[in-house]
There are 2 protein chains.
Amino acid sequence: MRQFRHPPISDIQLESVLYALSDPVRLSIVRQLAREGEATCAALDGGRPKSSMSHHFRVLRECGIVKTRNDGTSHMNELRRADLDSAFPGLLAAVLAAPN
Amino acid sequence: MRQFRHPPISDIQLESVLYALSDPVRLSIVRQLAREGEATCAALDGGRPKSSMSHHFRVLRECGIVKTRNDGTSHMNELRRADLDSAFPGLLAAVLAAPN
DNA sequence: GCTATTGTTCGAATATTATCGAACTATAAA
DNA sequence: TTTATAGTTCGATAATATTCGAACAATAGC
């Protein structure tokens, strides 16, 4: 069983979150997770190589935006909405409300 | 008289704004402008070289966060609060509300 | 015109990041 | 045990950014 690093709320850094969200691929991952609740990596790859997606999911995970759990051979991802709202109230909502 | 590029509201991109704000130097510039209303470049340099600051102000300007106007030999900078609020309601407020 | 002040631009060095193939790991199922 | 599936990790390359000194530009004041 693989272990992932998920920072506690107190370690979530605004700069890291903003940086993670500033990439178009990652932003679109976050938007889809917001719409669909949760998803595997493969479901969101949009034809990109697995290693690229793995990189982006790692960035999202290590800055505290996404929580990944094992589910058989696949990894299920979901937004850490409550944690993000607690750390930076209104930030995720503002980002998700923006067009596109 | 120097001319600066300031994108119209419709050209302000979420990704660019998030990226600009993800840098600690630029974020601290934005925080100070939010507190003090406006400031020259020199007033916010914190001991850094002028060329470095000029770079950061350019990033902030070209993504639509800051408006720069000439004022004698100095350049006065202010946040484009209304424009940002119009493009991404609540985003700037959420960023500024975050600790530090 | 000369000088000081403010900031920009240029250029180069350094650092960081994104991308992606290949090899690897872990689980499930036959 | 063998095979398939889902992601991760590694390593290399290319693209982007940051940093900062030096040269330059624009304005103000003498």
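Note on naming: letters A, B, ... go to the chains in the order of the sequence lines (proteins, then strands), and numbering restarts at 1 for each one.
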Exercise. Is there a donor-acceptor contact under 3.5 Å from the side chain of B:His6 to the main chain of B:Thr68?
Worked result: yes

Residue-phosphate contact under 4.0 Å: [X] side-chain N/O, [N] OP1/OP2:
{"X": "A:Arg26", "N": "C:dA18", "answer": "yes"}
{"X": "A:His56", "N": "C:dT17", "answer": "no"}
{"X": "B:Ser52", "N": "D:dC20", "answer": "yes"}
{"X": "B:Ser51", "N": "D:dG21", "answer": "no"}
{"X": "B:Arg61", "N": "C:dT8", "answer": "yes"}
{"X": "B:Tyr19", "N": "D:dT18", "answer": "yes"}

Using whole Å, what does the distance between atom [atom2] of nucleotide [N] and atom [atom1] of [X] come to?
{"X": "B:Leu44", "N": "C:dT6", "atom1": "CG", "atom2": "P", "value": "14 Å"}
{"X": "B:Arg58", "N": "D:dT16", "atom1": "CZ", "atom2": "C1'", "value": "14 Å"}
{"X": "A:Leu60", "N": "C:dA18", "atom1": "CG", "atom2": "P", "value": "10 Å"}
{"X": "A:Asp45", "N": "D:dT8", "atom1": "CG", "atom2": "P", "value": "12 Å"}
{"X": "A:His75", "N": "C:dT27", "atom1": "NE2", "atom2": "P", "value": "9 Å"}
{"X": "B:Asn70", "N": "C:dG7", "atom1": "CG", "atom2": "C1'", "value": "10 Å"}
{"X": "B:Leu27", "N": "D:dT18", "atom1": "CG", "atom2": "C1'", "value": "17 Å"}
{"X": "A:Met53", "N": "C:dA18", "atom1": "CE", "atom2": "C1'", "value": "13 Å"}

Do [X] and [Y] have side chains that approach each other closer than 4.5 Å (heavy atoms only, starting at C-beta)?
{"X": "B:Leu92", "Y": "B:Leu79", "answer": "yes"}
{"X": "B:Val17", "Y": "B:Leu91", "answer": "yes"}
{"X": "B:Asp23", "Y": "A:Tyr19", "answer": "no"}

For this session: Look at the rings of A:His75 and A:Phe4 and say which category their plane angle falls in: under 30° parallel, 30 to 60° tilted, over 60° perpendicular.
Result: perpendicular

Exercise. Does A:Ser54 make a side-chain donor-acceptor contact with the base of D:dG7, cut-off 3.5 Å?
Worked result: no

Problem set entry | Heavy-atom neighbours of B:Arg31 CZ exceed 12 at 6.0 Å | yes

Nearest listed nucleotide, side chain of [X], among [options]:
{"X": "A:Pro49", "options": "C:dG21, D:dG7, C:dA18", "result": "C:dG21"}
{"X": "A:His55", "options": "C:dT19, D:dT18, D:dT8", "result": "C:dT19"}
{"X": "B:Arg48", "options": "D:dT8, D:dC20, D:dA6", "result": "D:dC20"}
{"X": "B:Phe4", "options": "C:dT8, D:dG7, C:dT27", "result": "C:dT8"}

Exercise. Between A:Phe57 and B:Asp23, which is nearer to the 5' end of DNA chain D once each is assigned its nearest nucleotide?
Worked result: A:Phe57

Problem set entry | Residue whose closest nucleotide on DNA chain C lies nearer the 5' end, A:Val25 versus B:Lys50 | B:Lys50

